[in-house]
There are 2 protein chains.
Amino acid sequence: MDLQTFMKDRKKLVEDALFSYMNAVKAPEVLLESMNYSLKAGGKRLRPLLVLATLKSFGKSEELGMPVACAVEMIHTYSLVHDDLPSMDDDDFRRGKPTNHKVFGEAMAILAGDALLTHSFEVMEDLLNYDVKPIKVVTLMKELAKAAGPTGMVGGQVADMEGEGAQLSLQDLEYIHRNKTGKLLGYSIVAGAILGDATEEQISKLEQFADHLGLAFQIRDDILDIEGDAAKIGKPVGSDTLNEKVTYPSLLTMNGAKEKLEYHIKEAKRILEEIPLESDLLGQLCDLIAKRDH
Amino acid sequence: MDLQTFMKDRKKLVEDALFSYMNAVKAPEVLLESMNYSLKAGGKRLRPLLVLATLKSFGKSEELGMPVACAVEMIHTYSLVHDDLPSMDDDDFRRGKPTNHKVFGEAMAILAGDALLTHSFEVMEDLLNYDVKPIKVVTLMKELAKAAGPTGMVGGQVADMEGEGAQLSLQDLEYIHRNKTGKLLGYSIVAGAILGDATEEQISKLEQFADHLGLAFQIRDDILDIEGDAAKIGKPVGSDTLNEKVTYPSLLTMNGAKEKLEYHIKEAKRILEEIPLESDLLGQLCDLIAKRDH
């Protein structure tokens, strides 16, 4: 199956599931509006699609992955809402639309983020209705908390903030990206594998695969910030340089960054080949990430 | 057993468990400092103690309740950190100490709150190590998300914010308190009952008990804001009137509020008597809440 077709096709299914979960929430209207506003702002739905693509690679029904797919998208969305806040990145626009706090105010944006984060764990419980064993559901909820919390995404965001204007080594930069974006991307893949009844060994290999893929994703992001097309990426280019952010190109030169990207993609593919899978979706994903223009 | 002795005694155990969980977290130092600062700011540890007192009432080992006790305290703490933010209540002091954002800055306070909330779900998984059945752990995690998220605490906080300066009915006020403080208090009791192998009927009665107790707790809070001793409650009295907040006394007069408090305490005790329990701790708790001076 072609990855682009898969992504286009499944994106709609993910969004339907996402808003069906949201429609069931009984809460003050303005809170729901604020949560939905950012969930609808959309994007590639990359994390949910990673869950489904991995499930498909293990020959399982993708439907099984919907609760996890929606939970990771809620968490990703909350992280963007909080990152955009005036005391954080102070961004007025995201994907061409005013950021949450610009529309709903700062207090509501904080609370909508809190609500999305918390609600994702309620959504996870729906796995029981797909006959997933309770012990697996507990593991998946715990791993989600690890990937998103202080040992993962939040820790990465703090390190990123602390690193602003500072001299960072490649190791520091990799810590930031492994945690800020890598852990939740990796979780999406590993959760798909756990639901797909992968063996311990396969899961361990997929963790390594996801690590390389996550770093590649970030390097490409840094490259796009210099060489990208503002209209395609939905934000002005050169913002990293403007904010004096340490990036792969600033540490390694542009050529060095491109070599590093190639290395991680090659490693990801090498590891993937060691796992017998029923589809090439994850392999195609490597190419997509290496070449993406937004 | 005497409730005061129980609370004094178990408070230390809860705090030891709390910081033992925190010591195991690998995250950037400043994030851990910010999380620990607010966790250490302390208070009564009421929610954890509700978990333990309920467990004891069902004749079970209280140790079993530690993961839930610590999780609810982390969530309660995160809610205070976010509530104090400049865009929310803009409070500089809490319990006589500078608020989190006053010490660590706004961005770090937001992230520390996010981290505490997320980490609480990782802590919950530790229930498996106390031989709690996985299906029970899933239920407890889901109910925690429901109590803390948009259908619970966050929803109540939004309603509270929206209600500022507005004319509220008693029904509106009860919605706010049932959600903003009641749901997490109620969860603490119900979680203790679930861990204590309570029957469906007992859990349903305890939910009603907790509802009355939660409202009583809030009415007492409103009364203390007028009649309390600033030194004992750790904040100036009269702040509700100053902020033009609708309270029980403002809606019902002081006498009306006191009658309402008495009614909820009486109802809570009546319901409690219908459940065969091995200790009178929850009954004593009713009296404590009715008469508390801080």
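Residue numbering restarts at 1 for every chain, and letters A, B, ... go by the order of the sequence lines.
- Interface remark: A:L116 contributes no atoms to any contact with chain B (heavy atom separation under 4.5 Å).
- The part of B:M35 that comes within reach of chain A is its side chain, from C-beta onward, which places non-hydrogen atoms under 4.5 angstrom from that chain.
- For A:L85, the part lying under 4.5 angstrom from a heavy atom of chain B is the side chain only.
- Expressed to the nearest 0.5 Å, how far CG of B:D83 lies from CG of A:L111 amounts to 7.5 Å.
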Task: Intermediate values then yes/no, side-chain contact (heavy atoms from CB on, under 4.5 Å), A:I135 and B:L128 - done: CA-CA 9 Å; A:I135 184 69; B:L128 292 179; 3.7 Å; yes
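- Residue B:K136 places its NZ atom among more than 12 non-hydrogen atoms of other residues, nucleotides or ligands, all under 6.0 Å distant.
- When all heavy atoms of B:P150 and A:A115 are compared, the closest pair comes out as CD-O, 3.6 Å.
- Atom CD of A:E63 sits in a sparse spot, with 12 or fewer heavy atoms from other residues, nucleotides or ligands closer than 6.0 Å.
- To the nearest 0.5 Å, the span separating NZ on B:K142 from CZ on A:F121 amounts to 15.0 Å.
- The most heavy-atom pairs under 4.5 Å with chain B, out of A:G155, A:G156, A:P134, come from A:P134.
- Contact annotation for B:L32: neither backbone nor side-chain heavy atoms come within less than 4.5 Å of a heavy atom of chain A.
- With a threshold of 4.5 angstrom between heavy atoms, B:V123 does not approach chain A through any atom at all.
- Using cut-offs of 30° and 60° on the angle between ring planes, the pair A:H82 and B:H82 is perpendicular.
- The candidate from B:L31, B:V25, B:T151 with the greatest count of non-hydrogen atom pairs under 4.5 Å with chain A is B:L31.
- How far NZ of A:K26 is from CG of B:N179: 12.5 Å, rounded to the nearest 0.5 Å.
- Atoms CG and CG, on A:L117 and B:D114 in that order, are 6.5 Å from each other to the nearest 0.5 Å.
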TODO: Kindly determine whether A:M108 and B:E162 satisfy side-chain contact (heavy atoms from CB on, under 4.5 Å), including the steps that lead there.
DONE: CA-CA 10 Å; A:M108 194 60 70; B:E162 293 290 295; 3.7 Å; yes
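- Interface remark: of the candidates B:A27, B:G149, B:S87, B:S87 forms the most heavy-atom pairs closer than 4.5 Å to chain A.
- Dense packing is recorded around NZ of A:K97, with more than 12 heavy atoms of other residues, nucleotides or ligands lying under 6.0 Å away.
- Separation of atoms CD1 (A:I110) and CD (B:E106) is listed at 7.0 Å; rounding is to 0.5 Å.
- For A:M88 against B:A107, the heavy-atom pair with the smallest separation is SD-CB, 3.5 Å.
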